[in-house]
Amino acid sequence: PQLFFNADKETIFAAPSFTISGDNLTATVKVTDDWGEIPSDLNGKPLSVVVTDGPAAQALTTVIGSGPDIAAESGSDTSFIMLLLFALLGGLILNVMPCVLPVLAMKLGAVLYVENRERRMIRTQFLVSSSGIMVSFWILAALVSVLRLTQSAVGWGIQFQNPWFLGFMVVVTLLFSANLFGVFSIRLSSNATTKLATAGGKGMRGHFMEGMFATLLATPCTAPFLGTAVAFALVAPYSQLWMIFTALGLGMSLPWLLIAAFPGIARALPKPGRWMNGLRLVLGGMMFITALWLISLLIPHTGPETAVVMVAVVLLVLALLAFRRTGIKRGSAALVALLVAGGIWAAINMTDDRQQSLVSDQVDWQPLTEEAVNTALSQGKRVFVDVTAEWCVTCKANKYNVLLRDDVQDALREPDVVALRGDWTKPSPDINAFLQKRGHLAVPFNQIYGPALPDGEILSPLLDKETLLHLLNQSQGIEP
C-alpha cells in the first residue's frame, strides 16, 4: 500500500512506515514544517489522503485528531531524556575508541611531568581540557545549525571528506608525535599549530587545545548510542540539537572531569623514572600511527602516488631529525622503526585493491541506490545495505570483525541476496539523501530488507554477527 497526503503548504510529510496486525493497517508518518522543525499543532486541521494498493485507490478527507484512525502525536519528553542519555553514553564511549585513546593516554602521561603531582595543577589542567571538549562540541552544533539553515548536507564526521582538513590534521598529529619522540620541544607561542602541538607545558591554552584536538579525532568514530543521538540531533529542533551536542560533550568529558574531581587518581600513577622515556615512545608511536592513517585517507583525493611521496617525505624528515637529535646509534634505530612503519603502511594501502588488502571480500557489492533496493524487493529478494567511508574507524571494525567472516560472506553471496554498498568517503548528495530519508546522517549504516522486512531493519552501528545473520534469515521469513 501507499499513502499520499495533501495538507497546508507549510507541512511536509515523510514516507510512511506500515505495520499490519490482522486486518488492520497502521501507517506512521513523520511530519515537519518547511524548516525541518516540529510543526504547529495539527489537531483539528483537515487532511486529504489517497490510499493505493496495486490498481485499487481510494480518496478520503478527514480531520486530524477526530478519532482513533488519524491522530497527531507529539514527541515524548521521556523519549528525549532517553536520547540525552544515549548522547551521554555515546560521548563517554568515544574515549576508548582508537581515534581518541592516544590523546587521553598522552594526557595522562603528561601528568607525570607535573612537579610533585600538585593536586591543584592536575585539577586545573583536566578542567581546562574538558572545557576544550565542550567548546568543540558547541562549535560542531553551531556548524550543523548553519549548514541546516543553508540547506547544506550535514552528517557526523563529514569534515573528513575535506582533503584540506585531513592535511591539517596530518600536520598536527605529526607535530604531536615528533614532540613525544623528543625530536624537538615546543612551548606555547602565538602560532596556532604549535599551540595544538604543545604537550605538558604549563600554559593552560595548550591543555584547552588538547581537548579540542581530542574532539576532532573523535568525529570519524561512531560509538554505540552515538549514532542514535546524532541522527536525532541533526534533524531535531535547534534547541534539542544543542542539548544533544552538549550531552555528547559532557559524556566525552566525564573521564577528564573525574580526574579533575579526584586528582588522587592521577597521583596514583607510578613515580617518574626512566620508564617515562619508554612511555613517551609508546605514546609517540600511537600518534604517529594516527598520522599515517590520516595520510591514507587522502588517497581518494590525491591518488596513491602523492600519498606515497607524503609518507616518504615524512619518514625522511623524521629520520634526519632523529639523527641530528640522538646521534648515529639511536638515529639508526629510529630509521629502522620508521622504515618498518612505512613498509606496513604501504603493504596495507598500496595493494591493487585496498578494500581487500588483508582479507579477501568475495561479495559482489553493487552500487547503492533507492532504485536498486526497490528492484530487489519487487523480485522477492533480500537486500543488505552497507554505507561506509574510508575515514570511518567503526566501519573498518565492522568490516574485519563481521562482514569478512566466512559465514557472513556465505550468507551475503546467497542467490536471493543483493548486497548494496555506498561509499561516503567523498561528499555524495545521493548517499546523503539515502541516509536522511532513513533518519540517519552518520556511518556506518547497515540495513536489511526482504519479503518479511519490506520497510527494512536498521542494524546497530557496531555490527554483531549473530544479529546480522538472524535478521538476514528473518527477512526471508525463515528462522535460523
Side-chain angles (χ1 to χ4, degrees), residues 1 15-21 26 28 86 222-228 231 353 355-356 358-390 392-425 428 430-431 433-480:
S17 60
F18 299 102
T19 57
I20 300 176
S21 177
T26 302
T28 304
F86 280 0
T222 302
F225 303 105
L226 179 69
T228 302
D353 185 356
Q355 296 295 331
Q356 301 179 14
L358 298 181
V359 183
S360 179
D361 190 343
Q362 302 297 326
V363 177
D364 183 20
W365 294 98
Q366 301 297 316
L368 173 63
T369 62
E370 290 283 3
E371 183 181 1
V373 174
N374 295 330
T375 300
L377 287 175
S378 67
Q379 297 172 353
K381 293 185 177 182
R382 294 174 288 167
V383 180
F384 180 79
V385 173
D386 179 41
V387 183
T388 182
E390 283 295 314
C392 173
V393 178
T394 314
C395 300
K396 300 295 184 184
N398 287 341
K399 176 182 176 182
Y400 292 108
N401 292 335
V402 178
L403 296 181
L404 291 180
R405 295 289 185 91
D406 291 339
D407 44 0
V408 176
Q409 290 273 300
D410 293 340
L412 295 179
R413 292 167 61 195
E414 290 288 333
D416 68 325
V417 174
V418 177
L420 303 176
R421 173 166 283 169
D423 187 356
W424 215 29
T425 301
S428 171
D430 292 337
I431 293 180
F434 184 91
L435 294 173
Q436 189 170 18
K437 182 177 179 180
R438 288 151 179 82
H440 281 254
L441 287 170
V443 289
F445 176 84
N446 296 101
Q447 191 175 23
I448 293 176
Y449 291 87
L453 291 175
D455 297 324
E457 182 76 20
I458 298 175
L459 303 176
S460 167
L462 281 179
L463 288 180
D464 174 72
K465 185 182 72 170
E466 286 71 23
T467 302
L468 188 157
L469 293 174
H470 171 75
L471 283 175
L472 198 60
N473 283 326
Q474 189 183 55
S475 67
Q476 195 181 31
I478 301 175
E479 288 294 333

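Sequence positions, counted from 1, serve as the residue numbers for this chain. These values consider heavy atoms only, across backbone and side chains, with no hydrogens, waters or symmetry-generated copies.
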message: Quick check: closest heavy atoms across Ala419 and Val363, and the distance to 0.1 Å?
response: CB-CG1, 3.5 Å

- request: Give the minimum heavy-atom separation between Ala389 and Asp423, together with the two atoms involved.
  value: CA-OD1, 4.0 Å

- prompt: How many angstroms lie between CZ in Arg405 and CG in Leu469, if you round to the nearest 0.5 Å?
  reply: 10.5 Å

message: Nearest 0.5 Å, please: how far is CG in Asn446 from CG in Leu463?
response: 4.5 Å

field: Heavy-atom side-chain contact between Leu403 and Arg421 under 4.5 Å
entry: yes

task: Tell me, please, which residues at least two apart from Glu457 pass side-chain hydrogen bond (donor to acceptor under 3.5 Å, both in side chains).
output: none

message: Using the rule given for salt bridge (Lys or Arg N to Asp or Glu O under 4.0 Å), can you reason through Glu370 versus Arg438, listing the C-alpha separation, both sets of side-chain angles and the distance that settles it, and then say yes or no?
response: CA-CA 11 Å; Glu370 290 283 3; Arg438 288 151 179 82; 2.7 Å; yes

Taking every non-hydrogen atom, the tightest pair across Pro461 and Pro444: O-CG, 3.3 Å

message: Show the nearest heavy-atom pair for residues Leu377 and Gly450, with the distance to one decimal.
response: CD2-N, 3.7 Å

message: Checking Asp416 now: which residues fulfil side-chain contact (heavy atoms from CB on, under 4.5 Å) with it, not counting sequence neighbours?
response: Arg382, Glu414, Gln476

field: side-chain contact (heavy atoms from CB on, under 4.5 Å) involving Ser428 - partner list, sequence neighbours excluded
entry: Trp424, Asp430, Ile431

field: Reported CG-to-NZ distance for the pair Asp386 and Lys399, which is rounded to 0.5 angstrom
entry: 9.5 Å

message: Under the rule for side-chain hydrogen bond (donor to acceptor under 3.5 Å, both in side chains), what residues qualify as partners of Lys465, not counting sequence neighbours?
response: Asp407

- request: For Glu466, check side-chain contact (heavy atoms from CB on, under 4.5 Å) against everything at least two apart and list the hits.
  value: Asp464

Listed partners of Pro454 passing side-chain contact (heavy atoms from CB on, under 4.5 Å), at least two apart: none

field: Note, Leu412 side chain near Leu472 side chain (heavy atom, < 4.5 Å)
entry: yes

- request: Supply the atom-to-atom distance Phe445 CZ to Leu368 CG, rounded to the nearest 0.5 angstrom.
  value: 9.0 Å

- line: d(Ile448 CD1, Ile458 CD1) to nearest 0.5 Å is 11.5 Å

- prompt: For Asn398, what residues pass the side-chain hydrogen bond (donor to acceptor under 3.5 Å, both in side chains) criterion, not counting sequence neighbours?
  reply: none

statement: Sequence neighbours excluded, the answer for salt bridge (Lys or Arg N to Asp or Glu O under 4.0 Å) partners of Arg413 is none

query: Which pair of non-hydrogen atoms, one from Lys381 and one from Val418, has the smallest distance, and what is that distance?
result: CD-CG2, 3.8 Å

task: Tell me, please, which residues at least two apart from Phe384 pass ring-ring contact (aromatic ring centres under 6.0 Å, His included).
output: none

statement: Minimal heavy-atom distance between Tyr449 and Val385, with the atoms involved, is CE1-CG2, 4.3 Å

query: With a cut-off of 6.0 Å (strictly less than), are more than 12 heavy atoms of other residues, nucleotides or ligands near CD of Glu371?
result: no

message: My understanding is that only residues two or more places apart in sequence, or in another chain, count here; which of them pass side-chain hydrogen bond (donor to acceptor under 3.5 Å, both in side chains) with Thr388?
response: none

